[in-house]
Asker: 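The structure follows.
In this chain, numbering begins with 1 at the start of the sequence shown.
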Amino acid sequence: MLRRYTPFGLETLNLSAKVTTIGSSNCDLTIESDSLEPQHAVIEYNPVSRSFWMKDLGTSSGTIVNGQPLYGTMELKQGDQIKFGYGPEYIFEVAAQPLRDTSASRRTLPPTASRLPSMNE
């Protein structure tokens, strides 16, 4: 999952599909930002190694992981700090629950919106 703190609380973005596309439009996780490409990055779950891998899709504003530009594909580790373009910083966390395939559901998140955890989660 990706998390960030906003003025409204903690925002949590679940990576619940084997492949999660991230960008400014028509993606599994849509983040409204002028610095994001329509399809900016991909995070893929590898069930054999039980790990997540991220790839920048050749964007002009880039993807930054732990302060370094992402070139090619890299394995994400617990606590990695990720910025897509010049947008907000997210923290990567490994979810404790098993991965579900929800690729049919897409979410659009404005840059300042927050999703507070509910009692049912």
Side-chain angles (χ1 to χ4, degrees):
M1 74 182 78
L2 298 175
R3 290 189 167 187
R4 76 175 176 132
Y5 290 96
T6 71
F8 305 104
L10 180 65
E11 176 183 28
T12 300
L13 308 176
N14 290 313
L15 306 173
S16 54
K18 290 182 181 177
V19 176
T20 302
T21 56
I22 301 163
S24 63
S25 66
N26 198 27
C27 291
D28 298 312
L29 293 177
T30 303
I31 301 170
E32 294 179 3
S33 173
D34 293 337
S35 69
L36 264 70
E37 303 285 334
Q39 284 78 40
H40 195 93
V42 173
I43 297 177
E44 185 172 354
Y45 178 72
N46 182 320
V48 174
S49 63
R50 296 183 180 178
S51 59
F52 288 89
W53 294 78
M54 185 166 67
K55 177 181 182 179
D56 181 87
L57 298 176
T59 61
S60 59
S61 57
T63 300
I64 307 297
V65 180
N66 299 325
Q68 300 296 316
L70 173 63
Y71 299 109
T73 303
M74 74 169 291
E75 182 178 5
L76 293 174
K77 301 290 186 188
Q78 180 79 10
D80 279 349
Q81 300 172 3
I82 304 168
K83 286 185 75 166
F84 303 102
Y86 304 108
E89 184 175 275
Y90 292 88
I91 305 297
F92 175 77
E93 294 183 11
V94 178
Q97 64 190 39
L99 215 59
R100 296 178 320 218
D101 187 0
T102 59
S103 55
S105 64
R106 296 177 182 258
R107 298 176 51 199
T108 300
L109 302 166
T112 57
S114 72
R115 184 178 156 277
L116 297 176
S118 70
M119 296 299 286
N120 296 330
E121 292 186 333

Asker: Just checking Lys83: does its NZ atom have more than 12 heavy atoms from other residues, nucleotides or ligands closer to it than 6.0 angstrom?
Answerer: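 Yes - once you tally the heavy atoms of other residues, nucleotides and ligands closer than 6.0 Å, there are more than 12.
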Asker: Give the intermediate values and the outcome of side chain to side chain contact (heavy atoms under 4.5 Å, CB included) for residues Thr63 and Met54.
Answerer: CA-CA 10 Å; Thr63 300; Met54 185 166 67; 3.7 Å; yes
Asker: What's the shortest heavy-atom distance between Leu36 and Phe84, and which atoms?
Answerer: CD1-O, 3.1 Å
Asker: Is it true that Val94 and Val65 fall in one hydrophobic cluster, defined by side-chain heavy atoms closer than 4.5 Å?
Answerer: yes
Asker: Quick one: closest heavy-atom pair of Glu37 and Thr59, and the distance?
Answerer: CG-CG2, 3.3 Å
Asker: Excluding sequence neighbours, so at least two apart, what forms salt bridge (Lys or Arg N to Asp or Glu O under 4.0 Å) with Lys77?
Answerer: Glu75
Asker: Please step through side chain to side chain contact (heavy atoms under 4.5 Å, CB included) for the pair Leu15 and Tyr45, ending with a clear verdict.
Answerer: CA-CA 9 Å; Leu15 306 173; Tyr45 178 72; over 6 Å; no
Asker: Go through the structure and list residues passing salt bridge (Lys or Arg N to Asp or Glu O under 4.0 Å) with Glu89, not counting sequence neighbours.
Answerer: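 Glu89 satisfies salt bridge (Lys or Arg N to Asp or Glu O under 4.0 Å) with no other residue.
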Asker: Within the structure provided, determine whether Leu76 and Ile82 are in side-chain contact (heavy-atom separation under 4.5 Å).
Answerer: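 Yes, side chains in contact.
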Asker: Return the minimal non-hydrogen interatomic distance between Ser61 and Gly85, and the atom names on each side.
Answerer: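 Nearest pair, atom of Ser61 first, then Gly85: OG-CA, 3.4 Å.
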Asker: Determine whether a donor-acceptor pair (N or O, by modelled atom type, separation under 3.5 Å) exists between the side chain of His40 and the backbone of Gly62.
Answerer: yes
Asker: State, with a plain yes or no, whether a side-chain heavy atom of Glu93 is found less than 4.5 Å away from one of Gln78.
Answerer: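 A side-chain contact exists here, since the closest heavy-atom pair is under 4.5 Å.
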Asker: Hey, can you tell me if Phe52 and Phe92 have their rings parallel, tilted or perpendicular (30° and 60° cut-offs)?
Answerer: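 Geometry flag for Phe92 against Phe52: perpendicular rings.
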Asker: Would you check if Tyr90 and Ile31 make a side-chain contact, meaning some heavy-atom pair closer than 4.5 Å?
Answerer: yes
Asker: Where the side chain of Asn66 meets the backbone of Asp80, is there a donor-acceptor pair that is under 3.5 Å apart?
Answerer: no
Asker: Would the distance check show the side chain of Thr21 and the main-chain N or O of Asp28 forming a donor-acceptor pair, the cut-off being under 3.5 Å?
Answerer: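 Looks like yes, one N/O pair under 3.5 Å.
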Asker: For Gly87, is there any backbone N or O sitting under 3.5 Å from a side-chain donor or acceptor partner on Ser33?
Answerer: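 Not at all, since once roles are kept as given, no pair shorter than 3.5 Å links the two residues.
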